[in-house]
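In what follows, a single structure is set out as structure tokens and then discussed.
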Amino acid sequence: MNRIRDHLVAAGLYALLAAIFAATVYPLVWVAGTALNPGDTLLISSMLPEHPTLRHFGRLLRETDFALWYRNTMFISVSNMLLSTLLVTVTAYAFSRLRFKGRQTGLMTLLVLQMFPGFLSIMAIFVLLLQTGLLNTHLGLILIYAGGSVSFGVWVMKGYFDTIPRSLEEAAIIDGAGRADVFFRILLPLSVPALTFVMLTAFIGPVMDFILPQIVLRSSDKMTLAQGLYGMVSDKMNSSFSLFAAGSVLTALPITALYMFFQKYLIHGLAAGADKG
């Protein structure tokens with residue numbers, strides 16, 4: 001009976017995984033098929049067209065501002081990655097290695113902040129950017145992303161820093177190294193998995209986000225990929241679903257490549273960062 005029950009449980013788990021896999025892959029294949037479809041409609045006869053074409057990719061680059069949207073998005077993503085990584089690593093080092101008044105309260109505050117969705121503060125963010133003159137600027141959007149990434153990233157980096165023996169730092173300090181040398185020459189090189197996770201999530205976040213850019217950025221020359229692609233299908237009189245699908249594919253390819261290349265670092269960094277709190 002136990003063996004039969006184990007087989008049934010295993011079969012149920014495999015069926016659940018297969019359903020999740022199908023639900024995840026089906027939209028991706030449909031979008032790819034729409035991008036390669038000779039027509040301009042979203043309703044295609046088959047997921048893989050009989051006569052695929054790359055015409056829509058050429059139209060996307062020639063007839064739209066896709067290159068401008070892509071450049072804006074990459075600038076925001078790279079800037080956010082650098083600023084977020086700096087803030088997260090320095091803050092996590094302070095919480096992991098230093099002992100000061102309010103340390104536990106600060107950690108719990110960061111933990112509580114993760115429980116609230118970001119869109120709850122949209123009105124406050126809008127008013128703040130308006131008063132500081134940062135509305136409709138990439139800088140304002142970067143600062144919002146960087147500030148929002150601290151609460152989650154600090155816990156990941158702190159957990160990883162906690163796994164590194166303090167004896168390594170103490171030996172370096174005895175040899176004459178300062179705090180900066182310990183941080184940049186010992187902790188950061190040993191924290192590559194967690195650092196990669198923080199950097200990659202900070203880079204991909206702005207690429208996938210639509211709500212904040214739609215609120216902060218108002219000019220057409222400052223639009224991101226999400227805003228530009230949404231504009232292709234939001235107009236009921238001129239919905240370019242094939243161009244939208246082609247843009248989605250071009251947007252997803254570099255992100256997928258990054259995930260595939262850094263997969264082992266992402267898994268290791270997230271798992272190791274959860275070992276100790």
Side-chain angles (χ1 to χ4, degrees), residues 19-81 117-119 138 141-142 144-145 148-149 197 199-263 266:
I20 295 175
F21 178 79
T24 303
V25 173
Y26 180 80
L28 301 179
V29 176
W30 189 275
V31 170
T34 304
L36 298 175
N37 183 44
D40 292 324
T41 178
L42 183 64
L43 301 177
I44 56 179
S45 58
S46 62
M47 295 182 65
L48 297 178
E50 297 181 358
H51 305 287
T53 178
L54 298 177
R55 178 173 63 91
H56 299 300
F57 293 93
R59 287 183 55 203
L60 180 71
L61 298 176
R62 292 193 307 269
E63 302 176 8
T64 69
D65 293 327
F66 184 82
L68 175 63
W69 305 334
Y70 203 96
R71 184 167 63 250
N72 292 339
T73 304
M74 289 301 104
F75 171 75
I76 294 172
S77 296
V78 173
S79 301
N80 175 59
M81 178 187 67
F119 63 82
H138 290 161
L141 190 60
I142 293 169
I144 295 173
Y145 284 133
S149 65
F197 174 81
M199 294 179 67
L200 194 56
T201 52
F203 175 82
I204 293 177
V207 179
M208 308 301 295
D209 187 33
F210 168 76
I211 296 178
L212 279 177
Q214 187 71 1
I215 294 174
V216 176
L217 304 178
R218 302 303 181 89
S219 303
S220 58
D221 60 327
K222 298 181 183 297
M223 291 174 60
T224 62
L225 281 171
Q227 290 177 281
L229 293 179
Y230 173 76
M232 294 181 180
V233 295
S234 60
D235 187 358
K236 296 181 180 180
M237 301 300 296
N238 185 24
S239 297
S240 304
F241 291 105
S242 296
L243 291 180
F244 172 83
S248 300
V249 171
L250 291 180
T251 303
L253 285 178
I255 298 177
T256 304
L258 287 175
Y259 265 114
M260 295 293 291
F261 185 77
F262 294 108
Q263 183 179 15
L266 292 174

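Below, each value reflects all heavy atoms present in this structure, side chains not excepted, and no hydrogens, waters or symmetry copies. It should be emphasised that the depicted structure is a prediction, and the values quoted were computed from it without experimental measurement.
- By the ring-ring contact (aromatic ring centres under 6.0 Å, His included) test, Phe203 pairs with no residue at all, sequence neighbours left out.
- Under the 4.5 Å side-chain criterion, counting only non-hydrogen atoms from C-beta, Leu250 is in contact with Phe66.
- Between Leu243 and His56 the shortest heavy-atom distance is CD2-O, 3.3 Å.
- Applying the salt bridge (charged side-chain N to carboxylate O under 4.0 Å, His left out) definition to pairs two or more places apart or across chains, none involves residues 210-224.
- Taking CG of Asp65 as the reference point, atom CD of Gln227 lies at 12.5 Å (rounded to 0.5 Å).
- The ring-ring contact (aromatic ring centres under 6.0 Å, His included) search around Phe57 returns none, not counting sequence neighbours.
- Partners of Ile211 according to the side chain to side chain contact (heavy atoms under 4.5 Å, CB included) rule, which considers only residues two or more places apart in sequence or in another chain, are Ile122, Asp209, Ile215.
- Side-chain contact between Met223 and Leu68 is absent, with no heavy atoms from C-beta onward closer than 4.5 Å.
- Residues Leu28 and Thr24 come closest through the heavy atom pair CG-O, 3.4 Å.
- Contacts of Ser79 classified as side chain to side chain contact (heavy atoms under 4.5 Å, CB included), with partners at least two apart in sequence or in another chain: Phe75, Ile142.
- Taking the side chain to side chain donor-acceptor pair (under 3.5 Å) definition, one finds that Ser219 meets it with Asn136, sequence neighbours left out.
- Considering only residues two or more places apart in sequence or on other chains, Asn80 meets the side chain to side chain donor-acceptor pair (under 3.5 Å) condition with Ser84.
- A 4.5 Å side-chain heavy-atom check between Met81 and Leu200 finds every atom pair outside the cut-off.
- Looking only at side-chain heavy atoms (C-beta outward), Leu54 and Leu36 come within less than 4.5 Å of each other.
- With Ser149 contributing its side chain and Ala202 its backbone, the two residues share no donor-acceptor pair below 3.5 Å.
- Looking at Thr224 and Phe210, their side chains never come closer than 4.5 Å, going by heavy atoms from C-beta outward.
- Counting only heavy atoms from C-beta outward, the side chains of Tyr145 and Leu212 approach each other to under 4.5 Å.
- Between the CD1 atom in Ile255 and the OG atom in Ser77 there is a gap of 8.0 Å [rounded to 0.5 Å].
- Shown here for Phe244 and Leu229, the closest heavy-atom pair between the two residues is CD1-O, 3.1 Å.
- Distance check: Thr251 OG1 to Met208 CE gives 8.5 Å after rounding to the nearest 0.5 Å.
- By the side chain to side chain contact (heavy atoms under 4.5 Å, CB included) test, Val31 pairs with Ala245, Ser248, Val249, sequence neighbours left out.
- For the pair Pro213/Leu141, a side-chain contact is recorded, criterion being any heavy-atom separation below 4.5 Å from C-beta on.
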